[in-house]
Engineer: 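If you scroll down you'll find the structure; I have some questions about it.
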Amino acid sequence: MLYQETKKYDEISRKAFRSGPEIVGKSGIETAPFLAEFVRMTSNMYRLGWDERNGGNLSYLLEEAEVRDYPELSHPKRRISLGFCVPELKGRMLLVTGTQKYFKNMERDPETNTGIIRICENGEEADVLWGFRDGGRPTSELPSHLMSHVARLSVNPANKVVLHSHPTNLLAMNYVHPLDENQLTHTLWQMCTECIVVFPEGIGVLPWMLCGTSEIGRATAEKMKEFRVVVWGMHGVYGAGNTFDEAFGLVETIEKAAQIYMLTAHLKQINTIRDDQMRELAEFFGVTYRKGILKE
Ligand code: 13P
Ligand code: ZN
């Protein structure tokens, strides 16, 4: 290959695989541990088949100490209007996936597919500090993410992660199981021994609603005061946690339970985990489970 051609080829490769370590060295934010975890989580969600195309979104509330070493964040690139108001988060920074971006592509180019925003003093706008390199915007589900962060922080100041996803079996279950909080929780608790220990508060459920709106954001946040997981009827799920592992593990457990349901619901059931056994589990593991679901 001629030198000129090699240069051209390198340029094309660089554009296609911008963050490939073998082509361009990572620097600044791209070396941040929180970004690596964030990207790893979206990639896992993609590989599990939960997040087709641009489906799903993820947000992570950053602490000052985590971003201290990245001076590039002190120079806002542009300001965006949120279309809703979250005064509770003013001054807070979040790493969030971009709208219409594919989880499939996160690993290859986080700077285009994600971004870091800081909520302005008025609570109605945000500064883009890094990312959304192609002029993109945060996820269309930003109302649900930000309002859920506010709701979770009001009951648990350590909450940092909010995720939205379309897990296959949980979504399938929406079409064949009543969308009643207590009934759905009971069925899921019965599907795997450890469910009642992993989500003793049960799961919240919203009926089908128009997504990407402040209305669904407010409704999700209301549920998030009581539950760390909220099912969006015939759409997907919201999950929250103090760490990426916690939020992911929660949804992973629920999706596994839904899978067992979908594998067995059409078959003659001859065994089950009884309510008294679930109570025994909760007592042994010392968890306080939601009342009104198990027969007392
Ligand atoms: P975004 O591409 O805007 O993140 O939307 C994906 C999605 O799952 C909508 O509910
Ligand atoms: Zn969705």
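Counting convention: from 1, in listed order, for ligands and their atoms alike. Treat the numbers as computed from the prediction; the structure is a model and nothing was measured.
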Engineer: So does Lys225 pair up with Glu222, basic N to acidic O under 4.0 Å?
Structural biologist: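 Judged by the 4.0 Å cut-off on N to carboxylate O distance, Lys225 and Glu222 do form a salt bridge.
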Engineer: In this structure, is the centre-to-centre distance between the rings of His177 and His186 below 6.0 Å?
Structural biologist: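 Ring centres of His177 and His186 not closer than 6.0 Å.
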Engineer: If you have a sec, read the angle at the Zn ion (ligand 2) from His235 atom NE2 over to His164 atom NE2, to 10 degrees.
Structural biologist: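 Approximately 100° at the metal, rounded to tens of degrees.
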Engineer: Check Glu30 with Arg133, please: is the shortest side-chain N to carboxylate O separation under 4.0 Å?
Structural biologist: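 Judged by the 4.0 Å cut-off on N to carboxylate O distance, Arg133 and Glu30 do not form a salt bridge.
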Engineer: Determine whether more than 12 heavy atoms belonging to other residues, nucleotides or ligands lie under 6.0 Å from atom CD of Glu194.
Structural biologist: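 Check fails, neighbour count at 12 or below.
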Engineer: What protein heavy atom sits nearest atom 4 (O) of ligand 1, and how far off is it?
Structural biologist: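 Ranking protein heavy atoms by distance from atom 4 (O) of ligand 1, first comes Thr139 OG1, 2.7 Å.
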Engineer: What atoms of ligand 1 come within less than 4.0 Å of a heavy atom belonging to His166?
Structural biologist: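 Listed by number with element: 8 (O).
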Engineer: Show which atoms of ligand 1 fall inside a sub-4.0 Å distance from at least one heavy-atom site of Ser140.
Structural biologist: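 So the answer, numbered in order with elements, is 1 (P), 3 (O), 5 (O).
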Engineer: Using distance alone, decide if ligand 1 has a nitrogen or oxygen within less than 3.5 Å of any nitrogen or oxygen in Lys101.
Structural biologist: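 Among all N and O atoms of Lys101, none is under 3.5 Å from an N or O of ligand 1.
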Engineer: Can you list the ligand 1 atoms lying under 4.0 Å from a non-hydrogen atom of His235?
Structural biologist: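 Under 4.0 Å from His235, ligand 1 has these atoms: 10 (O).
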Engineer: Give me the nearest non-hydrogen protein atom to atom 8 (O) of ligand 1 as residue plus atom name, then the distance to 0.1 Å.
Structural biologist: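 Atom 8 (O) of ligand 1 sits closest to the protein heavy atom Gly56 N, 3.0 Å.
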Engineer: Of the side chain and backbone of Asn57, name the one, both, or neither that has a heavy atom under 4.0 Å from an atom of ligand 1.
Structural biologist: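 Within the 4.0 Å criterion, Asn57 contacts ligand 1 through side-chain atoms alone.
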Engineer: Under 3.5 Å between any N/O of Gly55 and any N/O of ligand 1: does that happen in this structure?
Structural biologist: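 Looking only at distances, the answer is no, because the N/O contact criterion of under 3.5 Å is not met.
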Engineer: For Glu181, is there an ion pair with Arg290 - N to carboxylate O distance below 4.0 angstrom?
Structural biologist: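 Judged by the 4.0 Å cut-off on N to carboxylate O distance, Arg290 and Glu181 do not form a salt bridge.
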Engineer: Is any side-chain heavy atom of Leu35 less than 4.5 Å from a side-chain heavy atom of Trp130?
Structural biologist: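 Yes, side chains in contact.
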Engineer: Considering residues, nucleotides and ligands other than Lys291, do more than 12 of their heavy atoms fall under 6.0 Å from its NZ?
Structural biologist: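 Enclosed: over 12 neighbouring heavy atoms sit under 6.0 Å from NZ of Lys291.
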Engineer: Check His75, Arg79, Arg78, Lys77 against Asp127 for a side-chain hydrogen bond (donor to acceptor under 3.5 Å, both in side chains) and give me the one that passes.
Structural biologist: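 When His75, Arg79, Arg78, Lys77 are each tested with Asp127, the side-chain hydrogen bond (donor to acceptor under 3.5 Å, both in side chains) holds only for Arg79.
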Engineer: Give the atoms of ligand 1, by number and element, whose distance to some non-hydrogen atom of His164 is under 4.0 Å.
Structural biologist: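 The atoms of ligand 1 under 4.0 Å from a heavy atom of His164 are 8 (O), 10 (O).
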Engineer: Using a 4.0 Å cut-off to any heavy atom of Asn54, which atoms of ligand 1 qualify?
Structural biologist: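 Those qualifying, in numeric order: 1 (P), 2 (O), 5 (O), 6 (C).
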Engineer: What protein heavy atom sits nearest atom 10 (O) of ligand 1, and how far off is it?
Structural biologist: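 Going atom by atom, the protein heavy atom closest to atom 10 (O) of ligand 1 ends up being Glu141 OE2, 2.5 Å.
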